[in-house]
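Note sheet for the following structure.
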Amino acid sequence: MSNTSPTHVVGLVDGNNFFVSCERLFRPDLQHKPVVVLSSNDGCVVARSQEVKDMGIPMGVPYFQIKDIIKDKQVTVFSSNFTLYRDLSRRVFSVVRNICKTFEQYSIDEGFFLVPAAEAEAVGWQIKDTIARTLGMPVSVGLASSKTLAKYAGTLAKRGRGVCFLSSADWAVCAPTVGLGDVWGVGAQRLRAFTEAGLQTAADLMVADSALVRRRFGVEGARLQLELQGVSAYAVAIAPKLQQSIMHSRSFRSATKRRSVVEAAVAHHVRRGVEDLLERGLCAQYLTVAIRSSRYERNAPGWGSEGVCLPIPTADLFMLMQTAQAMLTRLYQTDVAYQKAGILLSGLVPATMVTAGTLWGESLVARQRKAVASTVAQLNQRFGSDAIQVGYYAPATTWQARQDVRSPAYTTRWNMLARVSAR
DNA sequence: TCTGGGGTCCTAGGACCC
DNA sequence: TCTGGGGTCCTAGGACCC
């Protein structure tokens, strides 16, 4: 399981207020000014600048609840711009990969790496400084002997100078002061279970009887205990993990009872999913379609999902589209106001591992369909999503997310490049 | 009264994360 | 009026098999 040793430690690189930093990169006038980034549909706050955190605006709060304070304190607001964030994420991590061979990307703004203990702090600074100098993006680096402790070191780094190496001696001192709720992997549910067992701090869990911990808190509890003891239970992945599933879903601008709109949304998600499959060279064995009415309505009917095992693993747009629409027919109920639709592609396997459909090889029809789908994908890549559409369609305005304050695609569209002028 | 036990596979749902 | 989207892993329970 573990691939750390006494000679190596785990590092965590973490973008500071990542989405906010991405926006500020192209709006230097917003340095040291309060900024928030909203989720899709401008629903809730998903990133906050330090100034906003200091105002006490919490993560995840619905936007409409804080509109007054936003206006009052002149907070700059952005809709999320994932095209921009993904591109900057790629650039940030390519710097880290150049410095550390063993690197595992964990999320859009975080990644783990391995480094010899003797060089830990120096490498941490090298990463932070190189990213700041070449990209202008602020990151923090935490270093310790397991992922969980590296995460904690990362929070110390953010409070301090930006790089923190948490030695076992340092950890021994602070573990009794760290509440289990602040430990990575402990959410509300596990925190309650730990509290009921009389465990309050990281130190409490570290010294608890391990057999009892395993019995009472399952494998995750046992791993958590090891990680806190500085024993790595979550390896830093050397080979990139094969992706398990691809999901596309979105809330509608407002709830709808119109079947044509729900169909169009599902079709849109199938198209996006197939683009992902083709881009990554994968085929899916299972397809799930899910639609639901408002999450916040009591006893709301109309929540439904259905999954099927496909006849063969496939990335065939036409087959997936037909299958999804057939499932939707079974799920859809008239007179339900639907709020959200999505699809899940799972059981992903590399396309190269899928043998052709029949004993005599791929049929002509299948080959033609593949050719059409790949042409459609290329055209959409070139001219923008949904320039060409296969399957059901409704104007985007009928269901697509609200994005009232989105920044331009500064780095990925020629016509939106930032302009610089000098006199 | 008592009805094998253990393995695998699949699925749905939960918990957690960013 | 307005409450995100995209992931991972684990567990429990049922079906099935020997």
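Lettering follows sequence order; numbering is per chain, from 1.
Listed nucleotides: B:dC18, C:dG4, B:dA15. Nearest to the side chain of A:Val46: C:dG4. Side-chain proximity of A:Ser39 to the nucleotides C:dG5, B:dA15, C:dG4 is greatest for C:dG4.
Residues in residues 185-232 of chain A take part in these ring pair (Phe, Tyr, Trp, His ring centres under 6.0 Å) pairs, two or more places apart or across chains: A:Phe194-A:Phe217. For residues 127-136 of chain A, no residue pair satisfies the salt bridge (Lys or Arg N to Asp or Glu O under 4.0 Å) rule, not counting sequence neighbours.
Looking at residues two or more places apart in sequence or on another chain, you find no ring pair (Phe, Tyr, Trp, His ring centres under 6.0 Å) involving A:Phe18. For A:Asn98, there are no side-chain hydrogen bond (donor to acceptor under 3.5 Å, both in side chains) partners two or more places apart in sequence or in a different chain. A:Lys340 is linked by a side-chain hydrogen bond (donor to acceptor under 3.5 Å, both in side chains) to nothing, counting only residues two or more places apart in sequence or in another chain. Residues passing the side-chain hydrogen bond (donor to acceptor under 3.5 Å, both in side chains) test with A:Thr314: none are found, sequence neighbours excluded. In terms of the side-chain hydrogen bond (donor to acceptor under 3.5 Å, both in side chains) criterion, residue partners of A:Asp29 (sequence neighbours excluded) are, by chain and number, A:Arg27.
Atom CD of A:Glu220 is separated from atom C1' of B:dC16 by 9 Å (rounded to the nearest Å). To the nearest angstrom, P of B:dC18 lies 8 Å from CG of A:Asp14. Summarising the geometry, the separation between NE2 on A:His269 and P on C:dG4 is reported as 14 Å, rounded to the nearest angstrom. Taking atom NE2 on A:His248 and atom C1' on C:dG4, their separation rounds to 15 Å, with Å as the unit. In this structure, the CZ atom of A:Phe252 is 14 Å from the P atom of C:dG4, given to the nearest Å. Residue A:Leu344 contributes atom CG, which lies 13 Å from atom P of B:dG13 at whole-angstrom precision. Per the geometry, CD belonging to A:Gln189 stands 11 Å off C1' belonging to B:dC16, to the nearest Å.
Here A:Lys151 pairs with A:Glu110 in a salt bridge; the nearest charged N to carboxylate O distance falls below 4.0 Å. A:Glu104 has a carboxylate O that lies under 4.0 Å from a charged side-chain N of A:Lys147, or vice versa, which qualifies the two as a salt bridge. Under the 4.0 Å criterion applied to side-chain N and carboxylate O atoms, A:Glu51 and A:Lys33 are not assigned as salt-bridge partners.
Atom-to-atom distance recorded for A:Arg369:CZ and A:Met321:CE is 11.5 Å, nearest 0.5 angstrom. The CG atom of A:Leu228 sits 5.5 Å away from atom CG of A:Leu205, with the distance rounded to the nearest 0.5 Å. A distance of 11.0 Å separates OH in A:Tyr106 from CG in A:Asp14, rounded to the nearest 0.5 Å.
For the OP1/OP2 pair of C:dG5 and a distance below 4.0 Å, the side-chain nitrogens and oxygens of A:Lys340 include at least one atom meeting the criterion. Look at A:Ser251 and you'll find a side-chain N or O under 4.0 angstrom from OP1 or OP2 of C:dG5. For the pair A:Lys151 and B:dC18, the criterion of a side-chain N or O lying under 4.0 Å from OP1 or OP2 is met.
Between A:Phe103 and A:Phe93, the ring-plane angle classifies as tilted under the 30° and 60° cut-offs.
DNA chain C forms stems at B:5-18 with C:5-18, each a run of 3 or more consecutive Watson-Crick or G-U wobble pairs whose two key distances fall under 3.5 Å.
Nearer the 5' end of DNA chain C, as judged by each residue's closest nucleotide, is the contact made by A:Ser249, out of A:Ser249 and A:Val219. Checking A:Gly43 against A:Gln244, the closest nucleotide of DNA chain C that is more toward the 5' end is the one next to A:Gly43.
A:Leu143 has its side chain within reach of A:Val115: a pair of non-hydrogen atoms, C-beta onward, lies under 4.5 Å apart.
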For A:Thr411 and A:Arg86, what are the C-alpha separation, side-chain angles and deciding distance, and is it a side chain to side chain donor-acceptor pair (under 3.5 Å)?
-> CA-CA 10 Å; A:Thr411 62; A:Arg86 266 193 295 269; over 6 Å; no

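Using a 4.0 Å heavy-atom cutoff across all strands shown, A:Ile108 reaches no nucleic acid atom at all.
Within residues 192-216 of chain A, no residue approaches DNA chain C, by heavy-atom distance under 4.0 Å. Taking every heavy atom of residues 54-70 of chain A and every atom of DNA chain C, pairs under 4.0 Å involve A:Pro62, A:Phe64, by number. Taking every heavy atom of residues 81-101 of chain A and every atom of DNA chain C, no pair lies under 4.0 Å.
Of the possible donor and acceptor atoms, none in the side chain of A:Ser21 sits under 3.5 Å from a partner among the backbone N and O of A:Pro138.
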Which parts of nucleotides 6-12 of chain B does protein reach within less than 4.0 Å, heavy atoms only, written one letter per nucleotide 5' to 3' as B for base, S for sugar-phosphate only and - for none?
-> -----S-

